[in-house]
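The structure under discussion appears below in the form of structure tokens.
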Amino acid sequence: MTTNESGPHRSRPDEDVRVAVYAGFARTGRAPGAGELAGATGVTPGEVRRALARLHAARALVLDGDGDGDGAIVMAHPFSSVPLGFSVMGRETLWWGGCAWDAFAVPHLLEDEPEVLVATRCPGCGAPHAWSVGRAAPPPGDQVAHFLVPVAHMWDDVVRTCSHQRLFCSAGCVDGWLARTGLPRGYVMDVPTLWRLARGWYDGRLAHGYTRREPAGAAAHFAGAGLDGPFWGL
Ligand SMILES: [Zn+2]
Ligand SMILES: [Zn+2]
């Protein structure tokens with residue numbers, strides 16, 4: 001069923017394909033192929049590939065390769081088809097968690113998954129960490145998240161950006177990792193701030209008619225999460 005004819009931002013079949021990508025990721029934990037998407041949307045695989053290329057250009061999802069529609073779906077935020085440091089375990093489904101932001105967003109997005117197990121390793125020392133992330137309140141934890149790329153540049157190379165949004169044991173582990181990698185310091189936040197950042201960020205993404213937000217234009221959401229400074233455009 002399609003309800004997007006009145007949607008101002010995206011036409012069929014693109015919105016149908018986008019919603020089918022999200023439905024597939026949500027249900028199975030992996031990216032659906034062009035054949036599956038054709039079956040789900042009632043258009044040809046060729047039309048699916050052209051729609052995917054337009055969705056990639058519109059930053060509604062991320063294809064690998066040159067984004068011409070022949071590449072696999074790498075990300076449909078918060079979902080990922082490649083490991084970026086996190087796993088997210090639901091009641092019946094296991095997802096690659098994308099980045100720290102994306103992993104913490106999953107229970108807010110998926111109605112049937114009110115609480116998920118998010119697991120990762122500290123990039124600084126390799127120590128394992130896990131949180132039971134739900135909707136009501138931030139999970140306990142004195143770890144810190146470090147984001148490398150400021151919002152104004154998050155889409156310059158979004159897979160690199162997400163792969164550098166990680167959770168560490170402590171500020172000391174961030175410092176050691178920065179010294180070892182030679183990367184510049186980004187932004188450090190505590191676990192409750194990360195949870196508030198993730199809460200609501202992807203609202204509506206599973207439904208027709210979604211209008212995506214650009215990180216660079218989301219100052220009110222960031223300020224409400226407790227973030228501050230030029231890193232966030234604030
Ligand atoms: Zn550590
Ligand atoms: Zn991400």
Side-chain angles (χ1 to χ4, degrees), residues 21-22 25-26 29-31 55-56 59-64 73-88 95-110 116 118-131 133 141-181 183 185-191 193-203 205-206 210 212-218 221-222 225 227 231-233:
V21 168
Y22 272 88
F25 258 126
R30 60 177 185 79
L55 291 164
H56 172 91
R59 299 177 173 176
L61 47 74
V62 181
L63 303 178
D64 70 4
I73 298 166
V74 177
M75 301 191 75
H77 290 79
F79 302 119
S80 174
S81 65
V82 296
L84 296 171
F86 290 87
S87 62
V88 177
W95 295 273
W96 287 126
C99 64
W101 184 353
D102 299 327
F104 270 52
V106 168
H108 300 288
L109 181 68
L110 298 180
V116 300
V118 172
T120 191
R121 284 185 188 278
C122 171
C125 72
H129 294 282
W131 303 262
V133 181
D142 56 6
Q143 301 90 349
V144 298
H146 175 264
F147 283 23
L148 182 68
V149 181
V151 288
H153 295 287
M154 280 183 176
W155 276 87
D156 292 359
D157 180 346
V158 73
V159 175
R160 177 177 183 273
T161 296
C162 277
S163 67
H164 289 89
Q165 295 179 166
R166 300 290 300 269
L167 276 149
F168 294 72
C169 304
S170 63
C173 274
V174 176
D175 291 342
W177 179 76
L178 291 174
R180 200 170 68 247
T181 58
L183 292 167
R185 177 175 299 276
Y187 191 96
V188 175
M189 72 188 84
D190 60 15
V191 168
T193 303
L194 174 67
W195 182 87
R196 289 191 298 269
L197 170 64
R199 178 181 56 180
W201 177 252
Y202 294 115
D203 279 1
R205 245 178 216 222
L206 300 183
Y210 174 75
R212 70 176 292 279
R213 338 190 208 189
E214 281 285 349
H221 180 84
F222 299 145
L227 301 163
F231 187 97
W232 297 99

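Computed from a prediction, not measured in an experiment: that's the story for all the values here. Atoms within each ligand, like the ligands themselves, are counted from 1 in listed order.
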Are a donor atom and an acceptor atom from the side chains of S163 and R160 found within less than 3.5 Å of each other?
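No - no donor-acceptor pair under 3.5 Å links their side chains.
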Quick check on the Zn ion (ligand 2): does C99 put an N/O/S atom closer than 2.8 Å to it?
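Yes, since at least one N, O or S atom of C99 sits under 2.8 Å from the Zn ion (ligand 2).
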At the Zn ion (ligand 1), what's the angle from C122 SG to C173 SG, rounded to 10 degrees?
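The angle at the Zn ion (ligand 1) comes to 110°, rounded to the nearest 10°.
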Which atom, counting only N, O or S, brings D102 closest to the Zn ion (ligand 2)?
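Relative to the Zn ion (ligand 2), the closest nitrogen, oxygen or sulfur of D102 carries the name OD2.
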Are the ring centres of F25 and W95 closer than 6.0 Å?
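No, the ring centres sit 6.0 Å or more apart.
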Under 30°, 30 to 60°, or over 60°: which ring-plane class applies to W232 and Y187, parallel, tilted or perpendicular?
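Correct class here is perpendicular.
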Which one of F104, F222, W195 satisfies the ring pair (Phe, Tyr, Trp, His ring centres under 6.0 Å) criterion with W201?
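It is F222; the other options fail the test.
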